[in-house]
Every structure is written in structure tokens, then in C-alpha cells.
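To start, the structure under review is shown below, and the notes come after it.
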Amino acid sequence: MSRRLTPRRLLTGTGLTIMTTLLVVACLFPFYWMFVTSIKPEPEIFTKTPHLWTANPTFERYGALFEGDFLQQLVNSLIISTATVALTLLLAVVAAYALARLHIRGKTVLLVVLLSLQMLPEIVLIIPLYRFAIDAGLINTLIGVIVANLTMTVAFTIWLVRGYLVGIPIEIEEAAWVDGASRFTALWRIVLPLAWPGIAAAAVQGFISAWNELLIAVTFLREEELKTLPVALQSFFNEYFVDWGGVMAASTLFSIPILVFFGLVQRRLAQGFGGAVKG
Amino acid sequence: MAVRADARRQPPLRRVPARRGGGWLARDHRRYALLFLLPALAVLIGVIGVPLLDVLWLSLHDGRGVETGEFVGFEHYTELVTDAQYLASLLRTIVWVAGTVALSMVLALAVALLLNRLPRWAGLLGIVVLLPWAMPRVASGIIWKWMFNDQYGVVNWLLTSLGFERFDGFSWFAQGETAFVAIGTASVWQRVPFLAIALYGALSTVDRAVLEAARVDGAGSLRILLRITLPMIMPVLLILIVLSSISSFNSFDYVFVMTTPAGGPNHETELVSILTWVTGFGLLEQGRAAAIAVTSLLVLSALTAVYYRLSREERT
């Protein structure tokens, strides 16, 4: 291809540059604004003409957060997300193995049902889940939220891990069987280590959806020291005067774990999406 | 994927005498199938199956507070058909789905085409583009609520400095239509990344030789896009449209986070999902809320059926 500088090429080149710049700004600015608002002194937040940068950063708000319930709520979010992922993997990995390797009557139907369950929103199930949680005495408990979270993680994880297991050659397993390993030993020693990337990806996705989960937590958890972070962030708006610096500091801390996970898996994600769409 | 012949060649080499019930292989499979599948299926039935039956059951009962109450048949449903608040929220939800899906598909396609034009930068840009997808929904709702703040928001400042004086101190959340502009911006901002990367993946499967041939024949860029590129990625495009319609129909977090009270002002941002929650947990009319949930379930089942049709065609 020739690279002569014709007016037309210059125009498309400049057009591309402008569009790319706009795109990058649109993607990144909200992150930047969230953080910079959280470290601005009050007068620079509440001003008609926004200060794009602050010469006097303050981290007091982060300190102030930890004097309140924030630390406890952070711990609640961590407990709920971790436990949700652990329970989900425990149930889903062996089920995924069965659906990938074993001959099961009605398997196709089962797979279609599992896929359909992913389309099912929490809002359709929240009323019965709430009623059951009351009957079981699980309202205002973290366990109640963890169990209810399984509605959105288990089917999805089975699908994801199964897709990964199907791609692992059966010959590797067969070799283990020849050596006298039982199906269970082969699964534990041979298949799981090979499927590790797929399982890790499923775990990260499960953690993210549990970390973000709002509806179940806001319905189940009413006491301040039991709330998860998404619920706790709402409390900032119950006040007559909204502490925007404070809520931005809390949002920043709330986003960091997810962004860290994103950093860990972004390469896989960018590749995986194209394939994921095609089922 | 589902029709992969995975069970055909995998006899565990153990000496089990062949007997009734399909022989040792079938029995081995049956035993492990039970052992491995049962826990997950039991939990899924417990947290999804039984609740689904319960929501159907409850929708046929009075259901005030947490009491099931007396049987009322289809009364809740017949009331919904003439209930102005429900119908308004349904119409609002349809407009919301159409608007957010159309806008995010157009933007995602533009981003995907842009990435496709810049192969050298696509890797780095792809990561930047995906970042909004990684921000928690609640946090993204809050940050956009702040940027759309009437007095101190950066959006009003930008619009005013561009010469649109009426946005000086403009209150986006004072009426439904403009509140939806702010909520929609937050939601579209977060949903475009996934769609854009998926479409970019689809674009990279388009045969370059075909595009070159068209160019040699004198077709312009727009013509190539409309006549060749779009038709070739149409299957993926359609699946993405259905998938984002489903997730848009289920939107709850953004409205809940960005409006106070949820669905306000004056119910003007009340999507069906918000109405379900407010009816069930604000008004404590859970029988009625269950009926609303069942109607949503019907809509979602229809969309899911469309999704299956499309993805089956895509695979064959």
C-alpha cells in the first residue's frame, strides 16, 4: 500500500485520530473524575467551573471511611463474594465434567435449560427468595445472600467450565485410566490442573458478579454493619447534603478489586469474547 | 457443541462384568452422572426451580406482606391489563430497551470499525475500550450521577461552555425524559465495550480478499460496509441485539442507584423491574409484584426463544 500524503488520506487520518482520542477520553474520563473528585478539597468539588486537577490533594476522606462502617462492609463484600465463588465451583466443576464427558440421557435438554437460566433475572426470583429466606431465618444474614447469589452463578459457571473441558483431549484421561486411576482420581489429578485457566476465568467472573450484586443484598440486608458495598454506597444519598467527595472515595475503593481482576484476565477476555458470542 | 460425540470412546479399563441395564459402561456413566450432577441440580432446583413455582403460585394469591393470603385466581393479571401505572412502566421499558440497544449497537459498531482500521493499535485500544465494562455498575451509576449533577456537574459545564446556555444549572433528574438521558448514558457507556469487542471479533473473520475484490470493482467504503461487511457479520449482530435486549429489559441497578426515590421523580423513570421491586418491597403487595414478575418472565422467554433460533442458525 502506498503511503502518499494525499488530502483525502490526511483527512481520514486526522478523522481517525480525532475519533480515537474521543473514544479514549470517553472511556477513561469517568475513572479519572471519580478518583480526582475523591482527593479534591471541598471548595474545588463544589464549584461551577470544574477544576480538572487539584494542587492540594487530600486523602482524608479515605481515612474517614475507615472510621465508619466501611471496613466492615468491605469485609462483608469479600466474605459474600468469596463464599459464593467457592460454593459455585464446588457444585459446578463436577457437574460441568459430567456434562462434558459422560453419556447422559437428555443431556441436550439439560444444556439448553442451563443456558436459559442465565437469561433469568434476579428480579423475577427476588420475591420467592425473600419469602424463603424469611422462613429459613436467613434475612439479615450473609449466608442468605450467599445462597441466593447461587441463582446467578451456578448455571453460568457450569456452561463456562464445560466449554473448556470439552476442548481438552480425552486421550490424556484415557492414559490415566490405563494406569489404573479411577475416574475421580483422573479428574482430580489430570483434568482439573489442565482445566485450571477455564476454572480461574469462571471464578473471576463469578467473583465480579457477586461483588457487583445489588438487588439481593439490598433486599436481604437491612442493618448497616451487615451491608455489602453496593448497598452501603446508597446510604450516601439518604442524607440531605450528599458528600460527593466521600462517595467518590468509597466508589474508588469499591472498584479497585474488580479493576485488579480485570488487569489479570484482560488478555483472555479480549480473545474470549469473539468466541463466546458464537456459543 | 452440544452434539459432540464425547461419550463414544472412553471405557475406563476396569473389569466389570456385563449385566443387565446396558452393561458396565452405561452403569459407570450413570453412577458418576448421578454423583457429579446431583448436587448442582439439587441446588439449582432449590434456588431457581422452586422459587419459579412459588412466584407463579403467589401471583394467583392476594399476597400482602409475606402472607400468601387467599386464592384470587387471575385477578392480579386482569388488574394489570388496565393498570395505568403498570402499562406506563411497560411502555417506558420498551422505549428504554429500544433506545439503549439501538444506541449501543451503533456506537459499538463504530468502535469495532475503528479498531479494525487501526490494527496496530487494536490490542492496546481494546484494553482501554473494555475498561468501562470492568467498572462495577453501582460505581458507574454514581459517577455518572455526579457528572450529571445540576450545579457542579461536568456535563452541564461542558454543554454551557459549548454555548448551550440553557444547561447552566440544568436539573437532569427533575423529569423522566432527561433523567433517562443520564441513566441511558451511564448504561450505554458500560455496555458498549463488550459489544464492540464482540463485533470486532466478528469483523476480523470477514474475508479480506472479498473486500479487496469489491474495492477493485470500484465500490466505495460506505457501500462495502452496507453491502458486504454488515451482511457478513449479521448473524453475530442479531445475536448481540437479542442478548442486549434481554439485559436491557432486566436493567435495575442504574435506575435504582441514580434516582431517589428509585423510579422517581413521580414514577417517571419506573421501569418494570423497578415497579416489581417497589410493589413487592415498598408497598408490600407481593402477590401483585409476583404477577408483574411473571409477565416479565413471559417477555424474557420469548426473547430467549428468539436467541436460540438465531444461534442455531448461526451454528449450521
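All of these numbers come straight from a predicted model, not from anything done at the bench. Residue numbers start from 1 in every chain, and the chains themselves are labelled A, B, ... in the order their sequence lines are given, proteins ahead of strands. Values below: all heavy atoms of this structure, side chains included; hydrogens, waters and symmetry mates excluded.
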- Item | Euclidean distance, A:Leu114 CG relative to B:Ile48 CD1, rounded to 0.5 Å | 9.0 Å
- Item | Contacting region of B:Leu35 [heavy-atom separation from chain A under 4.5 Å] | neither
- Identify which part of B:Ile143 has an atom lying under 4.5 Å from any heavy atom of chain A, answering side chain, backbone, both or neither. both
- Query: Can you check side-chain contact (heavy atoms from CB on, under 4.5 Å) on B:Leu297 and A:Leu120, steps first, answer last?
  - Reply: CA-CA 8 Å; B:Leu297 193 61; A:Leu120 199 65; 3.3 Å; yes
- Query: So which of A:Pro50, A:Ser251, A:Ala98 has the biggest tally of heavy-atom pairs under 4.5 Å with chain B?
  - Reply: A:Pro50
- Quick one: which of B:Leu199, B:Leu41, B:Thr68 has the most heavy-atom pairs under 4.5 Å with chain A, could you say? B:Thr68
- Task: Sort B:Ile246 into side chain, backbone, both or neither according to what part of it lies under 4.5 angstrom from a heavy atom of chain A.
- Result: side chain
- Item | chain A contact via B:Leu131 - side chain, backbone, both or neither, heavy atoms under 4.5 Å | both
- Checking B:Leu44 against chain A: side chain, backbone, both or neither under 4.5 Å from a heavy atom? side chain
- Task: Identify which of B:Phe256, B:Trp157, B:Phe249, B:Trp146 forms the greatest number of heavy-atom pairs closer than 4.5 Å to chain A.
- Result: B:Trp146
- Tell me, with the steps shown, if A:Val218 and B:Trp277 meet side-chain contact (heavy atoms from CB on, under 4.5 Å). CA-CA 11 Å; A:Val218 85; B:Trp277 197 80; 3.9 Å; yes
- Determine, step by step, whether A:Gln234 and B:Thr260 satisfy the side-chain contact (heavy atoms from CB on, under 4.5 Å) criterion, reporting the C-alpha distance in whole Å, the side-chain angles of both residues, the deciding distance to 0.1 Å, and the verdict. CA-CA 10 Å; A:Gln234 307 304 310; B:Thr260 324; over 6 Å; no
- Checking B:Tyr152 side chain against A:Glu44 main chain: does a donor-acceptor pair fall under 3.5 Å? no
- Query: Is chain A contacted by the side chain of B:Gln190, its backbone, both, or neither, given a heavy-atom distance below 4.5 Å?
  - Reply: neither
- A:Thr49 portion near chain B, given a 4.5 angstrom heavy-atom threshold: both
- Could you tell me which non-hydrogen atom of A:Arg131 sits nearest to which non-hydrogen atom of B:Leu58, and how far apart they are? NH1-CD1, 3.3 Å
- Message: Can you tell me which portion of B:Asn149 sits under 4.5 Å from chain A's heavy atoms? Options are side chain, backbone, both or neither.
- Response: side chain
- Against chain B, label A:Ile126 side chain, backbone, both or neither, depending on which of its atoms sit under 4.5 Å from a heavy atom there. both
- Query: So which part of B:Leu125 gets closer than 4.5 Å to some heavy atom of chain A, the side chain, the backbone, both or neither?
  - Reply: side chain
- Query: Is the ring centre of B:Tyr32 less than 6.0 Å from the ring centre of A:Tyr97?
  - Reply: no
- Message: Tell me whether the rings of B:Trp189 and A:Phe31 are parallel (<30°), tilted (30 to 60°) or perpendicular (>60°).
- Response: tilted
- Message: Less than 4.5 Å to any heavy atom of chain A: does that hold for the side chain of B:Val50, its backbone, both, or neither?
- Response: both
- Ranked by heavy-atom pairs below 4.5 Å to chain B, first place among A:Pro30, A:Gly180, A:Ala26 goes to A:Pro30
- Message: Under the criterion side-chain contact (heavy atoms from CB on, under 4.5 Å), I'd like the reasoning laid out for A:Trp244 against B:Lys145: C-alpha separation, chi angles, the key distance, then a yes or no.
- Response: CA-CA 10 Å; A:Trp244 282 106; B:Lys145 185 177 175 168; 3.9 Å; yes
- Please look at A:Val112 and chain B and tell me whether the side chain, the backbone, both or neither of the residue comes under 4.5 angstrom of a heavy atom of that chain. both
- Can you see which heavy atom on A:Val124 is nearest to which on B:Val55, and at what distance? O-CG2, 3.8 Å
- At a heavy-atom separation under 4.5 Å, does A:Leu28 approach chain B through its side chain, its backbone, both, or neither? side chain
- Query: Which atoms of B:Val129 come close to chain A, meaning under 4.5 Å heavy atom to heavy atom: side chain ones, backbone ones, both, or neither?
  - Reply: both
- Which bit of B:Trp121 is near chain A, if near means a heavy-atom gap under 4.5 Å: side chain, backbone, both or neither? neither
- Side chain, backbone, both or neither: which part of B:Val257 has a non-hydrogen atom closer than 4.5 Å to chain A? both
- Query: Looking at A:Ser255 and B:Pro136, what are the two nearest heavy atoms and their distance?
  - Reply: OG-CD, 3.7 Å
